[in-house]
Amino acid sequence: MTTAHRMLDQLREYMLGPTRFMNVLSCFELGIIDELRRNPGSTAVELGAVVGARPDAVEQLLHLPVKDGLVAYDVETGTYLLDGLAAVGDEDLHRVLAIMNATKMVVLRQSFYLTESVRTATTVGLKTLYGHDGNLYEALEEHRDLRDAWATMMDTVTAHIDPWFFDNIDIPPGSKVLDLAGNTGLGAILAYRLTSAPNVHVTTFDLPEKQAECLMNFKAADLEQHCSFIGGDAFHAVPKGFDVVLIKHFVDMFDKNQVLTVLRNAYQALNPGGTLHILGPVYSENLEESYGADFFPTYFLGCTMGQGGPQKLSTYRRWLQSCGFSVTKAIAQDLAEMPADALVAHGILSATKFA
């Protein structure tokens, strides 16, 4: 096979990606898959009557799932039943559907404007579709359809990421901990609850307008004595005097120069001997092994920030060292130990301020 032939074959896969995605997701959204789970051996006519669609349309939609082995078709009886999907458990299926729905709501529509977003370093799709000037995380506060889809997906991520993060970092007893860009305090609450160290105090640092909700969350969690809030901007200055600084799901949102600014400010925030711990998605050192490269450039540049994107662990290591840190840990999740549908590996970088 010639190189040109292989490249054309690859380009065909890109062309088919959006249509394949929506075809399969529509089978779930219409309820066709649920009906086949309840009543295997249904005809297109029977399925159409249940889901409210024409039998011819149902038959067309099911060609792809049959081709790919998700659904089976009996030619003699003209009936359908689940094939490979029958082996997928409810918990796994709910996780996948949450990601697919978020991909549809947050990514697929906005990504139509990816080229314009890259040229302008803004989220053109959010402006065009929602009239929103700003990033996705701000738009979530105004648009429930985006928030519901994104939050459901992120809940599934947080459920397994945060325990892994705190199992792999060290917070000494009596530490003053700063959760940098900690939003409305949920990260600080998790930090306090998931660390085994006694006498730890966790401070959320974020924009001043987050204070009221943050303090309300601390009160609801009965952690007012153990968690506090400081308002400010991580790109300007970070409060000083902390033993541990946590940066979770933040550095991947910005371009290099802004990340370096945050890292330098975090360095100043730490006491001598203090430690910075970073959590976020990372690319594999070998990009051929990274599904993140298939997803995140479009997600960050076109759909959420107009900038940013994950980096390799080796890149973050160099950036930390250039800001004066000594890197003590750089690990990533093993995709082989994660669910087969996993799109991204998260990484942890720990670095110490010795000066």
Side-chain angles (χ1 to χ4, degrees), residues 137 151 154-234 237-253 259 262-263 265-282 316 320 325 327-333 345-353:
Y137 307 103
M154 287 307 300
D155 286 346
T156 66
V157 173
T158 301
H160 73 272
I161 288 299
D162 277 14
W164 176 76
F165 175 62
F166 287 102
D167 282 347
N168 282 281
I169 67 170
D170 178 45
I171 297 180
S175 292
K176 293 178 63 179
V177 180
L178 184 71
D179 187 21
L180 189 148
N183 198 19
T184 55
L186 299 184
I189 292 170
L190 285 171
Y192 181 81
R193 289 177 171 170
L194 292 178
T195 182
S196 58
N199 302 318
V200 167
H201 186 92
V202 186
T203 300
T204 294
F205 176 70
D206 213 309
L207 299 174
E209 54 262 34
K210 306 290 183 70
Q211 180 171 4
E213 186 176 353
C214 187
L215 295 179
M216 181 179 66
N217 287 333
F218 293 156
K219 183 176 182 180
D222 195 26
L223 290 177
E224 294 171 284
Q225 302 301 313
H226 306 286
C227 298
S228 57
F229 180 90
I230 297 177
D233 187 335
V238 177
K240 299 179 180 180
F242 291 89
D243 305 301
V244 176
V245 173
L246 308 177
I247 304 181
K248 299 164 59 185
H249 308 293
F250 187 68
V251 295
D252 50 297
M253 295 167 58
V259 175
V262 171
L263 295 180
N265 289 342
Y267 186 89
Q268 296 301 320
L270 284 166
N271 295 324
T275 302
L276 169 67
H277 299 293
I278 297 174
L279 170 68
V282 294
Y316 283 131
L320 283 162
F325 286 100
V327 178
T328 58
K329 177 181 288 187
I331 62 172
Q333 291 175 299
H346 282 74
I348 297 173
L349 290 109
S350 298
T352 300
K353 173 183 178 177

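With rounding to the nearest 0.5 angstrom, the CZ atom of Phe166 is 9.5 Å from the CD1 atom of Ile348. Rounding to the nearest 0.5 Å gives a distance of 8.5 Å between CD1 of Ile169 and CG of Leu279.
For Phe250, the ring pair (Phe, Tyr, Trp, His ring centres under 6.0 Å) partners two or more places apart in sequence, or in a different chain, are Phe254. When the ring pair (Phe, Tyr, Trp, His ring centres under 6.0 Å) test is applied to Phe205, no partner is found at least two apart in sequence or on another chain. Annotation: side chain to side chain contact (heavy atoms under 4.5 Å, CB included) contacts of Asp170 (sequence neighbours excluded): Pro172. With sequence neighbours left out, Asp162 forms a side chain to side chain donor-acceptor pair (under 3.5 Å) with Lys248. Scanning for side chain to side chain donor-acceptor pair (under 3.5 Å) contacts around His201 gives Ser228, with sequence neighbours left out. In this structure Val251 satisfies the side chain to side chain contact (heavy atoms under 4.5 Å, CB included) test together with Ile247, Val259, Ile278, Tyr316, sequence neighbours excluded. Listed by chain and residue number, Asn183 satisfy the side chain to side chain donor-acceptor pair (under 3.5 Å) test with Lys210 (two or more places apart in sequence, or in another chain).
At least one side-chain heavy atom of Phe325 sits less than 4.5 Å from a side-chain heavy atom of Leu270. In this structure, Val238 and Val245 have side chains that are not in contact, with every pair of non-hydrogen atoms separated by 4.5 Å or more. Contact of the Phe165 side chain with the His277 side chain is registered, since non-hydrogen atoms from C-beta on lie closer than 4.5 Å. Between Asp206 and Phe229, the closest side-chain pair of non-hydrogen atoms falls below 4.5 Å.
Thr328 places a side-chain N or O within 3.5 Å of a backbone atom of Ser350 that can act as its donor or acceptor partner. No donor-acceptor pair under 3.5 Å is formed between the side chain of Lys353 and the backbone N or O of Gly274.
Heavy-atom minimum distance, Thr352 versus Gly273: CG2-O, 3.8 Å. Residues Asp243 and Gly174 come closest through the heavy atom pair OD2-O, 4.2 Å. The two residues Leu246 and Ala191 make their nearest non-hydrogen contact at CD1-CB, 3.9 Å. Residues Ala234 and Asn265 approach most closely at O-ND2, 2.8 Å, considering heavy atoms. The two residues Ala197 and Ile171 have their closest heavy-atom pair at CB-O, 3.0 Å. Across all non-hydrogen atoms, the minimal contact from Pro208 to Gly232 is CD-N, 3.9 Å.
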side-chain contact (heavy atoms from CB on, under 4.5 Å) evaluation trace for Ile161 with Gln333: CA-CA 9 Å; Ile161 288 299; Gln333 291 175 299; 3.4 Å; yes

Given side-chain contact (heavy atoms from CB on, under 4.5 Å), test Leu276 with Leu180 step by step and report yes or no. CA-CA 10 Å; Leu276 169 67; Leu180 189 148; over 6 Å; no

Extract all donor-acceptor atom pairs below 3.5 Å that involve side chains of residues 213-227 and protein atoms in other chains or at least two apart in sequence.
{"from": "Asn217", "atom 1": "ND2", "to": "Thr184", "atom 2": "O", "distance (Å)": "2.8"}
{"from": "Asn217", "atom 1": "ND2", "to": "Glu213", "atom 2": "O", "distance (Å)": "3.3"}
{"from": "His226", "atom 1": "ND1", "to": "Tyr192", "atom 2": "OH", "distance (Å)": "3.3"}

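Legend: salt bridge (charged side-chain N to carboxylate O under 4.0 Å, His left out) pairs involving residues 265-282, not counting sequence neighbours: none detected. The salt bridge (charged side-chain N to carboxylate O under 4.0 Å, His left out) pairs that include a residue from residues 172-194 number zero, where partners must be two or more places apart or lie in different chains.
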